[in-house]
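What follows is a short report on a single structure.
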Amino acid sequence: FFVMSPILFRLGNLNIYAYGFFLALGFIVGLILAVLKTQKEGVPFEHVANLFFYTVLSAILGSRLLFILVNIDFYHQNLLQMFKIWEGGLVFYGGLILAVGVSIGYMRWHRLPLWNLADLFSPSIAIGLFFGRLGCFFAGCCYGKETSLPWGVVFTDPNSLAPLHVLLHPVQLYEAGSNL
């Protein structure tokens, strides 16, 4: 029996969360894939590493900023909570928007071939999203509607963000599959 749990494992008092683990794994696998693809095209590693760093940083910042904007009333009353990113609160679209903007700016600044690099990096983005959606599945976020279909999933972990003990579409897995 397979149990989805937001906490992947514990190291003493430290919780290793599935979402963060899979997100980091997605970034690492995406970077390795990008390096392999760009090396074949003669793109200097320095640009790939810098672009990766700025993209990851802007993706995290953008996803947090959009989450804060969506929940502005809460953060207006709790200003210091804005910085507690380890407690969750990221919105994919905010990260995507800022990361794309920063990436385009970096490539233009360094006169790199925008569309060629976009083609080279797009498989890395897709594989990163694949791992990110697996993290969503374990965390129970981004869950689907109720279903009676045999492949529906039931979340039982009280730490899950999904409704408990309800048969739901595993949309996180649908999205992970589409990213592959």
Side-chain angles (χ1 to χ4, degrees), residues 1-34 52 55-100 122-180:
F1 181 74
F2 180 73
V3 177
M4 291 82 64
S5 175
I7 300 171
L8 198 57
F9 57 91
R10 290 181 168 84
L11 295 172
N13 291 333
L14 179 66
N15 291 332
I16 304 301
Y17 290 93
Y19 183 75
F21 174 82
F22 281 106
L23 196 61
L25 186 60
F27 282 132
I28 292 166
V29 172
L31 174 62
I32 291 168
L33 183 60
F52 176 77
T55 300
V56 169
L57 186 64
S58 60
I60 292 169
L61 182 62
S63 61
R64 183 60 174 181
L65 285 173
L66 186 54
F67 183 82
I68 291 168
L69 288 173
V70 168
N71 298 285
I72 194 70
D73 291 336
F74 172 79
Y75 289 105
H76 183 69
Q77 300 296 322
N78 304 282
L79 291 176
L80 293 179
Q81 294 291 326
M82 288 191 286
F83 303 104
K84 294 185 177 181
I85 195 167
W86 57 90
E87 291 182 359
L90 303 173
V91 176
F92 167 75
Y93 299 108
L96 177 66
I97 292 166
L98 190 56
V100 167
S122 52
S124 296
I125 295 167
I127 200 72
L129 289 171
F130 165 77
F131 284 108
R133 291 301 167 211
L134 291 181
C136 285
F137 180 67
F138 278 89
C141 64
C142 310
Y143 55 86
K145 293 183 177 185
E146 288 188 37
T147 184
S148 59
L149 295 171
W151 58 82
V153 295
V154 176
F155 292 86
T156 59
D157 189 305
N159 295 310
S160 176
L161 297 172
L164 303 180
H165 310 290
V166 178
L167 196 61
L168 301 170
H169 276 284
V171 295
Q172 310 94 325
L173 298 181
Y174 300 161
E175 290 183 46
S178 72
N179 284 306
L180 279 182

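The residues of the chain are indexed from 1 along the displayed sequence.
Partners of Asn159 according to the side chain to side chain donor-acceptor pair (under 3.5 Å) rule, which considers only residues two or more places apart in sequence or in another chain, are Asp157. Residues satisfying the side chain to side chain contact (heavy atoms under 4.5 Å, CB included) test with Ile32, not counting sequence neighbours, are Ile28, Leu36. Applying the side chain to side chain contact (heavy atoms under 4.5 Å, CB included) test to Leu164 and every residue at least two apart in sequence or in another chain returns Phe155, Ser160. By the side chain to side chain contact (heavy atoms under 4.5 Å, CB included) test, Tyr19 is found to be paired with Leu23, Leu90, Cys136, Ala139, residues two or more places apart in sequence or in another chain being considered. Taking the side chain to side chain contact (heavy atoms under 4.5 Å, CB included) definition, one finds that Val70 meets it with Leu66, sequence neighbours left out.
You'll find the side chain of Leu61 stays beyond 4.5 Å of the side chain of Leu57, heavy atoms only.
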Which atom pairs, donor and acceptor, lie under 3.5 Å between side-chain atoms of residues 123-131 and protein residues at least two apart or in another chain?
{"from": "Ser124", "atom 1": "OG", "to": "Gly30", "atom 2": "O", "distance (Å)": "2.8"}
{"from": "Ser124", "atom 1": "OG", "to": "Ala34", "atom 2": "N", "distance (Å)": "3.2"}

Can you give me every donor-acceptor pair (side chain of residues 6-18, partner residue at least two apart or in another chain, under 3.5 Å) with its distance?
{"from": "Arg10", "atom 1": "NE", "to": "Asn15", "atom 2": "OD1", "distance (Å)": "3.0"}
{"from": "Asn15", "atom 1": "ND2", "to": "Tyr17", "atom 2": "OH", "distance (Å)": "3.4"}

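Within the structure, salt bridge (charged side-chain N to carboxylate O under 4.0 Å, His left out) contacts touching residues 16-32 (residues at least two apart or in different chains) do not occur. For the salt bridge (charged side-chain N to carboxylate O under 4.0 Å, His left out) condition, no pair includes a residue of residues 11-21, sequence neighbours left out. Sorted by first and then second residue, the side-chain hydrogen bond (donor to acceptor under 3.5 Å, both in side chains) pairs with a member in residues 170-180 read Arg133-Glu175, Trp151-Tyr174, His169-Tyr174; sequence neighbours excluded. The stretch residues 63-74 participates, sequence neighbours left out, in no salt bridge (charged side-chain N to carboxylate O under 4.0 Å, His left out) pair at all.
In this structure, the separation between CG on Leu31 and CZ on Phe27 is 10.5 Å, given to the nearest 0.5 Å. Between Leu161 atom CG and Phe138 atom CZ the span is 14.0 Å, to the nearest 0.5 Å. Interatomic distance, Met82 CE to Ile72 CD1, rounded to the nearest 0.5 Å: 7.5 Å. Summarising the geometry, atom CG belonging to Asn78 is positioned 9.0 Å from atom NZ belonging to Lys84; distances are rounded to the nearest 0.5 Å. Distance check, rounded to the nearest 0.5 Å: CD of Glu146 to CG of Leu168 gives 6.5 Å.
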